[in-house]
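In what follows, a single structure is set out as structure tokens and then discussed.
Note that the coordinates shown come from a computational prediction; the quantities given were computed from them, not determined experimentally.
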Amino acid sequence: REKVEMTKEQRALMKAIVDAYNRHQIPQDVAKKLLQEQYSAEENFLLLTEMATSQVQVLVEFTKNIPGFLSLDREDQIALLKGSTVEAMFLRSAQVFSRKMPNGHTVVLEERIRKSGIPDEFMTPMFNFYKSIGELHMVQEEQAILTAITILMPDRPYVKDHQAVERLQETMLNVLRKLCVLQHPQEQQYFARLLGRLTELRTLSHYHAEMLTSWKMNDHKFTPLLCEIWDVQ
Ligand SMILES: COc1ccc(-c2nc3ccccc3n2[C@H](C(=O)NC2CCCCC2)C2CCCCC2)c(OC)c1
């Protein structure tokens with residue numbers, strides 16, 4: 001097979017994305033909190049809305065560092081962010097869930113999440129997605145670029161300049177394709193499997209609003225930012 005090499009530009013682009021991804025981590029680690037103790041459905045809901053609110057802010061900062069994003073039409077920038085935050089949030093949760101933890105911790109974490117107040121019918125699709133992400137053993141470069149690809153989805157609602165977004169996403173896809181060959185030389189279809197997860201991610205995020213409004217408690221309160229970004233309240 002021909003030798004796969006990244007160009008200088010592709011390496012620079014990947015470095016910019018990974019640096020931005022690492023700079024904009026979630027401030028406090030939700031997994032650690034969940035491993036400490038079992039909270040009530042109300043406390044868990046509050047924890048989720050706090051984590052999600054800070055994750056949206058982190059995601060905006062990360063997105064601004066994607067080369068070319070700020071040159072897009074201003075309204076398209078908003079449309080891309082609004083259309084991808086839920087998917088980016090579940091992708092991030094899957095990465096948190098699949099993180100290497102001392103043995104037994106993942107079992108406890110799964111247990112805590114199962115009893116957090118999430119309606120039962122969403123457990124299976126959610127954990128299926130988390131486990132399918134975990135099985136890929138993505139390196140952090142792949143996680144960062146996959147998040148950028150999720151944000152730069154040309155077919156989000158209300159995007160006007162479809163072409164401009166497609167061009168940016170294509171650049172990222174080319175980098176990811178080469179990265180997958182370099183990082184997983186044994187697995188021919190690794191790149192295709194990675195992209196397949198984005199389809200699963202989109203399906204999971206369709207459940208999102210319902211997961212929140214049917215959380216096992218009364219009176220679901222959201223922050224103003226989440227009301228703006230999510231289709232709730
Ligand atoms: C809409 O329904 C749901 C359900 C579960 C989750 C979820 N899956 C997790 C997997 C690993 C660790 C945490 C996880 N979470 C919540 C959380 O805090 N998610 C954060 C969101 C921002 C990015 C970092 C993770 C937990 C769940 C347990 C109760 C407290 C909230 C979730 O995260 C989108 C959304």
Side-chain angles (χ1 to χ4, degrees), residues 1-27 29-31 51 54-72 77 80-81 83-101 106 129-154 156 165-202 204-205:
R1 285 202 323 252
E2 85 290 350
K3 182 103 184 63
V4 168
E5 282 276 299
M6 280 211 208
T7 65
K8 203 165 46 61
E9 292 77 17
Q10 287 179 319
R11 271 197 297 277
L13 177 69
M14 186 166 75
K15 186 173 174 348
I17 301 275
V18 173
D19 290 350
Y21 192 73
N22 288 334
R23 254 199 327 277
H24 303 119
Q25 290 284 5
I26 300 278
D29 190 343
V30 62
M51 290 309 299
S54 70
Q55 203 251 348
V56 170
Q57 289 152 346
V58 158
L59 194 76
V60 171
E61 285 317 303
F62 167 67
T63 306
K64 283 159 67 176
N65 288 280
I66 297 176
F69 182 82
L70 292 177
S71 340
L72 292 172
Q77 293 177 28
L80 292 177
L81 272 167
S84 62
T85 43
V86 171
E87 289 178 21
M89 182 183 70
F90 275 115
L91 189 53
R92 186 99 199 105
S93 297
Q95 287 155 1
V96 170
F97 187 78
S98 329
R99 201 184 287 163
K100 190 86 197 79
M101 279 187 275
T106 305
F129 176 68
Y130 289 171
K131 288 173 182 164
S132 68
I133 287 287
E135 282 156 12
L136 289 169
H137 302 295
M138 273 192 263
V139 298
Q140 65 164 2
E141 290 83 353
E142 289 163 339
Q143 291 183 11
I145 297 176
L146 196 66
T147 303
I149 287 167
T150 305
I151 295 161
L152 295 168
M153 209 56 85
R156 295 295 182 205
V165 181
E166 213 163 48
R167 267 196 304 275
L168 278 186
Q169 191 191 48
E170 213 157 287
T171 312
M172 300 288 158
L173 285 164
N174 292 334
V175 173
L176 185 62
R177 183 186 301 105
K178 286 191 179 177
L179 184 60
C180 289
V181 171
L182 294 170
Q183 291 289 341
H184 309 267
Q186 271 67 33
E187 295 169 77
Q188 284 291 326
Q189 290 313 321
Y190 184 86
F191 177 61
R193 283 172 62 208
L194 208 44
L195 295 188
R197 298 282 81 79
L198 295 186
T199 313
E200 209 180 332
L201 180 58
R202 194 168 284 210
L204 183 64
S205 51

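How far SG of Cys180 is from CE of Met138: 9.0 Å, rounded to the nearest 0.5 Å. Taking OH from Tyr21 and CD from Gln140, the interatomic distance works out to 8.5 Å, rounded to the nearest 0.5 Å. Between atom CZ of residue Arg177 and atom CD of residue Glu170 there is a gap of 8.5 Å, rounded to the nearest 0.5 Å. Going from atom CG of Leu195 over to atom CD1 of Ile149 covers 6.5 Å, rounded to the nearest 0.5 Å. The distance from the CD atom of Gln143 to the CG atom of Leu194 is 10.0 Å, given to the nearest 0.5 Å. Here the OG-OH distance, from Ser93 to Tyr130, works out to 4.0 Å after rounding to the nearest 0.5 Å.
With Gln169 contributing its side chain and Leu152 its backbone, the two residues share a donor-acceptor pair below 3.5 Å. Side-chain atoms of Lys178 come within 3.5 Å of backbone N or O of Glu5 as a donor-acceptor pair. Judged by distance alone, with hydrogens and angles left aside, the side-chain atoms of Glu142 form a donor-acceptor pair with the main-chain N or O of Val139 at under 3.5 Å.
No side-chain donor from either of His137 and Gln183 sits under 3.5 Å from a side-chain acceptor of the other.
A heavy-atom distance below 4.5 Å is not found between the side chains of Met172 and Leu168. Put simply, the side chain of Met6 reaches to within 4.5 Å of the side chain of Leu179, judged on heavy atoms.
Applying the salt bridge (Lys or Arg N to Asp or Glu O under 4.0 Å) test to every pair with at least one member in residues 10-19, sequence neighbours left out, gives these pairs: Lys15-Asp19. For residues 191-201, every residue pair satisfying the salt bridge (Lys or Arg N to Asp or Glu O under 4.0 Å) rule, not counting sequence neighbours, is listed here: Glu187-Arg193, Arg197-Glu200.
Ring centers of Phe90 and Phe129: at least 6.0 Å apart, outside the cut-off.
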